[in-house]
Amino acid sequence: YYDYYKLTLDSMPRNWGDLQRELKNQVLTGTWHRVYSLIEFIYKHGPSIDNNSEIFISMCNEAFERENSAYRFVTGVLTPITSKEEIGEVENAILSSDTYAGVTTHLQTALGFLTDRQRPDYRNSIKESISAVESLAKHLVGNPSATLDGALKVLETSHKLHPALKKAFSSLYGYTNDSDGIRHALMENSELTQADARFMLICCSAF
């Protein structure tokens with residue numbers, strides 16, 4: 001009541017039934033993005049007892065799926081991704097990349113830009129996603145100054161990266177760097193969509 005709604009405690013109803021009705025009214029009459037923000041807040045600040053955080057996420061995701069919501073919980077963040085496979089790719093990448101400097105940070109930052117429900121930043125989400133691939137590739141080849149193209153060529157041999165995949169990620173990287181690509185013309189014109197940023201995050205997470 002105090003930390004989320006920013007209301008004074010002396011104005012909070014003392015009776016649980018009255019408080020419950022007030023909170024319910026806030027949910028039913030509030031803007032849609034505030035409802036999702038409240039659910040995130042409850043997850044992040046609720047008591048962590050007997051795995052109830054995981055149970056809470058599971059129940060929320062079941063409800064979101066049943067009601068055809070465009071959002072699901074991904075590593076504790078409500079994200080505009082609806083496929084279980086997509087959620088798995090992003091979660092696995094974030095949770096398993098702790099040993100690679102910068103990769104987790106890039107992916108979490110990309111997720112943050114994508115999931116801002118009031119001011120989503122698809123441009124920077126895409127940049128952070130491809131930066132995660134670049135960071136991991138540099139780490140795997142042991143050369144922090146390598147370009148992604150150069151690192152991918154090494155990985156094609158040393159890690160048996162399929163030539164088609166190497167070409168695909170090289171093209172995605174070029175897409176974000178060309179003068180006619182993501183970081184310039186398309187981004188300046190704000191033509192990027194949620195689907196563009198989501199696609200890049202999932203592909204880069206899979207990498």
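The shown structure was predicted, so the numbers you read here are calculated from the model rather than taken from an experiment.
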Inset, instruction - Assess whether atom CZ of Phe199 is packed by more than 12 heavy atoms of other residues, nucleotides or ligands within 6.0 Å. - result: no
Inset, instruction - Determine, step by step, whether Leu28 and Lys24 satisfy the side-chain contact (heavy atoms from CB on, under 4.5 Å) criterion, reporting the C-alpha distance in whole Å, the side-chain angles of both residues, the deciding distance to 0.1 Å, and the verdict. - result: CA-CA 6 Å; Leu28 294 178; Lys24 181 178 180 180; 3.9 Å; yes
Legend entry - Ala110 versus Ser125, closest heavy-atom pair with distance: O-OG, 2.9 Å
Inset, instruction - Would you check if the side chain of Tyr1 reaches a backbone N or O of Leu7 as a donor-acceptor pair within less than 3.5 Å? - result: no
Legend entry - Side chain proximity check, Ile39 to Phe56, heavy atoms < 4.5 angstrom: yes
Inset, instruction - Just do the side-chain contact (heavy atoms from CB on, under 4.5 Å) check on His45 and Asp3 with the steps written out, would you? - result: CA-CA 10 Å; His45 299 281; Asp3 290 326; over 6 Å; no
Inset, instruction - Check step by step if side-chain contact (heavy atoms from CB on, under 4.5 Å) holds for Val133 and Leu148. - result: CA-CA 8 Å; Val133 172; Leu148 180 57; 4.0 Å; yes
Side-chain donor/acceptor pairs under 3.5 Å, residues 163-171, sequence neighbours excluded:
from, atom 1, to, atom 2, distance (Å)
Lys166, NZ, Glu156, OE1, 3.3
Ser170, OG, Asp149, OD1, 2.4
Ser171, OG, Lys167, O, 2.9

Legend entry - Shortest non-hydrogen contact from Ile94 toward Thr104: O-OG1, 3.6 Å
Legend entry - Side chain to side chain, Ser58 and Glu62, heavy atoms closer than 4.5 Å: yes
Legend entry - CA sep, side-chain torsions, deciding dist, call: Phe64, Leu78, side-chain contact (heavy atoms from CB on, under 4.5 Å): CA-CA 10 Å; Phe64 295 147; Leu78 278 174; 3.4 Å; yes
Inset, instruction - Check whether any side-chain heavy atom of Gln194 lies under 4.5 Å from a side-chain heavy atom of Leu114, and answer yes or no. - result: yes
Inset, instruction - Verify the distance criterion only: is there a donor paired with an acceptor across the side chains of Tyr36 and Ser69 at less than 3.5 Å? - result: yes
Legend entry - Smallest separation among heavy atoms of Ala146 and Lys138, with atom names: O-CE, 2.7 Å
Inset, instruction - Answer yes or no: is there a side-chain heavy-atom contact under 4.5 Å between Phe73 and Thr79? - result: no
Inset, instruction - State the NZ-CD distance between Lys84 and Glu65, to the nearest 0.5 angstrom. - result: 5.0 Å
Inset, instruction - Quick one: pull up CD in Glu86 and SG in Cys203 and give me the separation to the nearest 0.5 Å. - result: 9.5 Å
Inset, instruction - Decide yes or no for Asp116 and Asp121: does some side-chain heavy atom of the first lie under 4.5 Å from some side-chain heavy atom of the second? - result: no
Legend entry - Sub-4.5 Å side-chain heavy-atom contact between Ile126 and Leu192: yes
Inset, instruction - Verify the cluster assignment for Ile42 and Met59: are they in a single hydrophobic cluster under the rule of side-chain heavy atoms below 4.5 Å apart? - result: no
Legend entry - Hydrophobic cluster of Leu95, others only, ordered by chain and residue number, side-chain cut-off 4.5 Å: none
Inset, instruction - Give a yes or no answer on whether the side chain of Glu89 reaches the backbone of Ile202 with a donor-acceptor pair at less than 3.5 Å. - result: no
Inset, instruction - Please tell me if the side chains of Ser53 and Tyr43 come closer than 4.5 Å, counting only heavy atoms from C-beta onward. - result: yes
Inset, instruction - Give a yes or no on whether Val74 and Phe207 share a hydrophobic cluster (residues Ile, Leu, Val, Met, Phe, Trp, Tyr; joining criterion: side-chain heavy atoms under 4.5 Å apart). - result: yes
Return a table of donor-acceptor pairs under 3.5 angstrom between the side chains of residues 11-20 and protein atoms on other chains or two or more places apart.
from, atom 1, to, atom 2, distance (Å)
Ser11, OG, Thr8, O, 2.7
Ser11, OG, Thr8, OG1, 3.2
Arg14, NH2, Leu9, O, 3.3
Asn15, OD1, Gly17, N, 2.8
Asn15, OD1, Asp18, N, 3.2
Asp18, OD1, Arg21, NH2, 2.5

Inset, instruction - Please round to the nearest 0.5 Å and tell me the distance separating atom CG of Asn124 and atom OG1 of Thr109. - result: 10.0 Å
Legend entry - Connected via hydrophobic side-chain network under 4.5 Å: Leu172 and Val103: yes
Inset, instruction - Taking the side chain as every heavy atom from C-beta outward, state whether Tyr173 and Thr147 have any atom pair closer than 4.5 Å. - result: no
Legend entry - Donor + acceptor pair across side chains of Tyr5, Gln26 (<3.5 Å): no
Inset, instruction - Examine distances only and state if a side-chain atom of Lys160 and a backbone atom of Thr157 form a donor-acceptor pair shorter than 3.5 Å. - result: no
Inset, instruction - State the CD-NE2 distance between Gln118 and His33, to the nearest 0.5 angstrom. - result: 4.0 Å
Inset, instruction - Please report the closest heavy-atom contact between Tyr71 and Pro80, naming both atoms and the distance. - result: CD2-N, 3.6 Å
Inset, instruction - State, to 0.1 Å, how close Leu107 and Ser205 come at their nearest heavy-atom pair, and which atoms those are. - result: CD2-OG, 3.9 Å
Legend entry - From SG (Cys204) to CD (Glu134), nearest 0.5 Å: 10.5 Å
Inset, instruction - Applying side-chain hydrogen bond (donor to acceptor under 3.5 Å, both in side chains), name anything that partners Ser37, two or more places apart in sequence or on another chain. - result: Arg117
Inset, instruction - Please report the closest heavy-atom contact between Met200 and Ser129, naming both atoms and the distance. - result: CG-CB, 3.7 Å
Legend entry - Glu67: side-chain contact (heavy atoms from CB on, under 4.5 Å) partners, not counting sequence neighbours: none
Inset, instruction - Please list, chain by chain and in numerical order, all residues satisfying side-chain hydrogen bond (donor to acceptor under 3.5 Å, both in side chains) with Asp196, sequence neighbours excluded. - result: Thr193
